[in-house]
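What follows is a set of notes on a single structure, which appears directly below.
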2 protein chains.
Amino acid sequence: MTDKANDRKALEGAAGVLPGVEGLAIGKRRLLEAAVVAVAERGYHGVSVRDLASDTGVQAASFYAHFGSKEELLYELCLLGHREHHRCVRDAILGAGADAREQLRAAIRANIWFHATYPLLTISANSELHALNAEHLATIADLRHDAGTLLTAVVERGNSEGVFDCPEPWLPMSAVGGMCLRVAWWFRPAVAVDEGTLSAYPRQAATWLRPEDYTIERVMDTYADYALKIFGAA
Amino acid sequence: MTDKANDRKALEGAAGVLPGVEGLAIGKRRLLEAAVVAVAERGYHGVSVRDLASDTGVQAASFYAHFGSKEELLYELCLLGHREHHRCVRDAILGAGADAREQLRAAIRANIWFHATYPLLTISANSELHALNAEHLATIADLRHDAGTLLTAVVERGNSEGVFDCPEPWLPMSAVGGMCLRVAWWFRPAVAVDEGTLSAYPRQAATWLRPEDYTIERVMDTYADYALKIFGAA
DNA sequence: TACCGAGCCTAACGATCGTTAGCCAGTCCC
DNA sequence: GGGACTGGCTAACGATCGTTAGGCTCGGTA
């Protein structure tokens, strides 16, 4: 492979780690992709503008052609993460028919799918909110609140229809939410992993000792069963 | 209250956020306590040595009378967090009798208790491992591995005794581990919280919209029931 | 009494941080 | 053809970073 081809591959090494960036300018997209990799690994304050510029093959000053500040980039990452995640779960619920159990199962499956497919985005958008300014943090908090509303409605309807048995949904939802979220930290795909594809998963995922790697499908099914048990599904 | 009393209270504002620091020199202990508060809030790279020194009422250079480097302080925090957590869970299992279900229940309860009682330590010791050097990271990884061994043994014994039904324990353990770990991020006590006590919990815990705050006891019981369901307890 | 180390201090080192000013090569539209 | 816009560049700003040198003041100990 030529040096130039190597350079190009290095610059695009993070392609595919972010959903919903197809319409963006290529320079901005590359910065976002480099950022989600670096921030998930080292945290917001552990990543400098010069790091991102270097990963993208440009100078630090060029960063500011795309973002007004470093914090604004983090905000865009968080916005992207929460919006795409919410859309993913919402569409799954809406396409699941009228049975609350199937709606819950679809929601859990979509939740896991997103966290296992975009783990670096999940980690960045959930662990680095402290670095947002007050206004941006409030916007993200509103998004989080909205995302919870629909799932709460599914559970409450399931209760009144008699297919769930959890009079107080908050604790079971916290448990299910927690176990689904953590998938982003440990998941690594079982199939077709070359070095480039593995870079889309957190480095720590390699150190969680497990007997094997699992397919996304298997994790989705298994965790959905756990969730239905927790919600006391009939 | 006098100014001097105010100063003293500010310096000791983080007292009680760390277990197992009774024998340490007061200056070192204060630095560790200030560090766990700041690191859980802003991340390792978001906290400077001068920040910690300022919170402790000393100069930055005095930091190095207690720690060889900033990374070494993080290592001591991670060591403390993993050791105390492991001891807590281990003792609970050993004191639970011979029934695997009761051993599992005790382990989950102890796990939750630790995460809800020392949430800032839990967050720091689990989210900031990336900032450790290779040698220290390997030591912590060994500790994590050892901690998993005992619980795995409990589950496997429960399987062979016929009281659990989970032929492959890793996925259920990942689910239960995830939901218990996340308690550290959202838990806030329901009773007797003045401003000083609340500072022992992550700031974000206030933003997770919940209908009420729960007692530790209630979370422990509820989550233990979830865990037993997940492991297919007879 | 003399010493010694612990624990604090002031001052400063070089490196790196986020950000800005000012400039330049293309590309598009009128 | 000319002007505006886009997206890159070099160079530099002041602030802050982790860390060190060197000195002071104690309490304990030989």
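All chains are named by letter (A, B, ...) in the order of the sequence lines, taking the proteins before the strands, and each is independently numbered beginning at 1. No experiment lies behind these values; they were computed from the predicted model shown.
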### Query
Which of parallel (below 30°), tilted (30 to 60°) and perpendicular (above 60°) describes A/Trp186 and A/Tyr214?
perpendicular

Over how many whole Å does the gap from [X] atom [atom1] to [N] atom [atom2] extend?
X	N	atom1	atom2	value
B/Lys70	D/dC17	NZ	P	9 Å
B/Arg30	C/dC8	CZ	P	9 Å
B/Leu74	D/dG18	CG	C1'	15 Å
A/Leu52	C/dG18	CG	C1'	12 Å
B/Phe67	D/dT20	CZ	P	15 Å
A/His45	C/dT16	NE2	C1'	15 Å
B/Leu31	C/dC8	CG	C1'	12 Å
B/Glu71	D/dC17	CD	P	19 Å

### Task
Could you say whether B/Ala25 or A/Tyr44 is positioned toward the 5' end of DNA chain C, judged by the nucleotide with the nearest heavy atom to each?
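Taking each residue's closest nucleotide, the earlier one in sequence belongs to B/Ala25.
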
### Message
With nearest nucleotide decided by heavy atoms, which residue, A/Asp51 or A/Gly68, maps closer to the 5′ end of DNA chain C?
### Response
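Its nearest nucleotide being more 5', the pick is A/Asp51.
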
### Query
Do we get B/Lys70 above B/Tyr75's six-membered ring, with its NZ or CZ under 6.0 Å from the centre and within 45° of the axis?
no

Nearest to the [X] side chain among [options], which nucleotide is it?
X	options	answer
A/Tyr64	C/dT19, D/dT19, D/dT10	C/dT19
B/Ala61	C/dA11, D/dG18, C/dT20	C/dA11
A/Ala60	C/dT19, C/dT10, D/dT19	C/dT19

### Task
Return yes if some donor-acceptor pair links the side-chain N/O of A/Lys28 with the main-chain N/O of A/Val21 below 3.5 Å, else return no.
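Absent.
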
### Query
If every non-hydrogen atom of B/Gly16 is compared with every non-hydrogen atom of B/Tyr118, which pair is closest and at what distance?
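Nearest pair, atom of B/Gly16 first, then B/Tyr118: O-CE2, 3.8 Å.
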
### Task
Applying salt bridge (Lys or Arg N to Asp or Glu O under 4.0 Å), run through A/Arg30 and A/Glu33 and close with a yes or a no.
CA-CA 5 Å; A/Arg30 279 188 183 154; A/Glu33 288 170 341; over 6 Å; no

Any side-chain N or O of [X] below 4.0 angstrom from OP1/OP2 of [N]?
X	N	answer
B/Ser48	D/dC17	yes
B/Ser62	C/dC9	yes
B/His66	C/dC8	yes

